[in-house]
Amino acid sequence: MDEVTYKRLIEALESRMPGAVVDFGPKVFPNRVSGLIQWDGFAEMNVTERQDFVWGTIRGALGPESADVSTIVTLTPQELADFNEAV
C-alpha cells in the first residue's frame with residue numbers, strides 16, 4: 001500500500017470514528033496493513049456490527065485497494081485495558 005492510499009485509509013477511519021485510536025503499527029507484509037482500532041463507539045456494537053462498520057468505511061474510502069487491508073481488531077478502550085491487565 002502506498003503512502004497516499006495509507007493516508008486516505010487513516011483519514012477515512014478517523015473521520016468516521018471521531019476520537020478513535022487507529023494503530024496499524026509496522027507493516028509486516030510490504031503491501032498490506034493490519035492492526036487495531038480502539039473506539040468508545042464500539043461499546044454499543046457486537047463484533048459483527050463493528051467489523052461491518054469498519055470494513056464498510058474501508059471499502060468506501062479505498063474501493064478495490066481495500067484488498068491491501070488485512071486483519072482489523074476492533075476494541076473499546078476498556079476492552080483493551082482489560083486484555084492488557086489479564087496478560
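Annotation: side chain of Ile37 is not in contact with side chain of Val21 (no heavy-atom distance under 4.5 Å). Within the 4.5 Å cutoff, the side chain of Pro77 has heavy atoms near those of the Asp40 side chain. Side-chain atoms of Arg8 and Thr5, non-hydrogen and from C-beta on, do get closer than 4.5 Å to each other.
Distance alone, capped at 3.5 Å, places no donor-acceptor pair between the Arg59 side chain and the Ser66 backbone. Between the side chain of Trp39 and the main chain of Pro18, a donor-acceptor pair closer than 3.5 Å is present.
Tested against Leu36, the residues Ile72, Leu80, Thr71 include a single side-chain contact (heavy atoms from CB on, under 4.5 Å) partner, Leu80.
Between Glu65 and Arg32 there is no salt bridge, since no side-chain N of the basic residue sits under 4.0 Å from a carboxylate O of the acidic one.
Donor-acceptor pairing under 3.5 Å is lacking for the side chains of Gln38 and Thr76. Residues Arg16 and Thr57 have side chains that bring a donor and an acceptor to within less than 3.5 angstrom of each other.
The line from CZ of Arg50 to OG1 of Thr74 is 5.0 Å long, rounded to the nearest 0.5 Å. Rounding to the nearest 0.5 angstrom, the gap separating the CG atom in Asp23 from the OG atom in Ser34 is 10.0 Å.
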May I have the step-by-step check of side chain to side chain contact (heavy atoms under 4.5 Å, CB included) for Leu13 and Ile58, ending in yes or no? CA-CA 7 Å; Leu13 292 169; Ile58 292 169; 4.1 Å; yes
Quick one, Phe42 with Glu79, criterion side chain to side chain contact (heavy atoms under 4.5 Å, CB included). Give me CA distance, side-chain angles, the key distance, then yes/no. CA-CA 10 Å; Phe42 290 142; Glu79 289 167 343; 5.5 Å; no
Test log, rule salt bridge (Lys or Arg N to Asp or Glu O under 4.0 Å), inputs Lys7 and Glu14: CA-CA 11 Å; Lys7 185 175 180 177; Glu14 289 178 345; over 6 Å; no
Start with the C-alpha gap between Gln78 and Asp82, add the side-chain angles, then the distance that decides, and say whether side chain to side chain contact (heavy atoms under 4.5 Å, CB included) holds. CA-CA 6 Å; Gln78 185 60 54; Asp82 292 347; 2.7 Å; yes
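Of all non-hydrogen atoms in Val73 and Leu75, the two that sit nearest each other are CG1-CG, 3.9 Å. Trp55 and Val69 get closest at one heavy-atom pair: CH2-O, 3.4 Å.
The same ILVMFWY cluster, assembled from side-chain heavy atoms under 4.5 Å apart, contains both Phe53 and Leu9.
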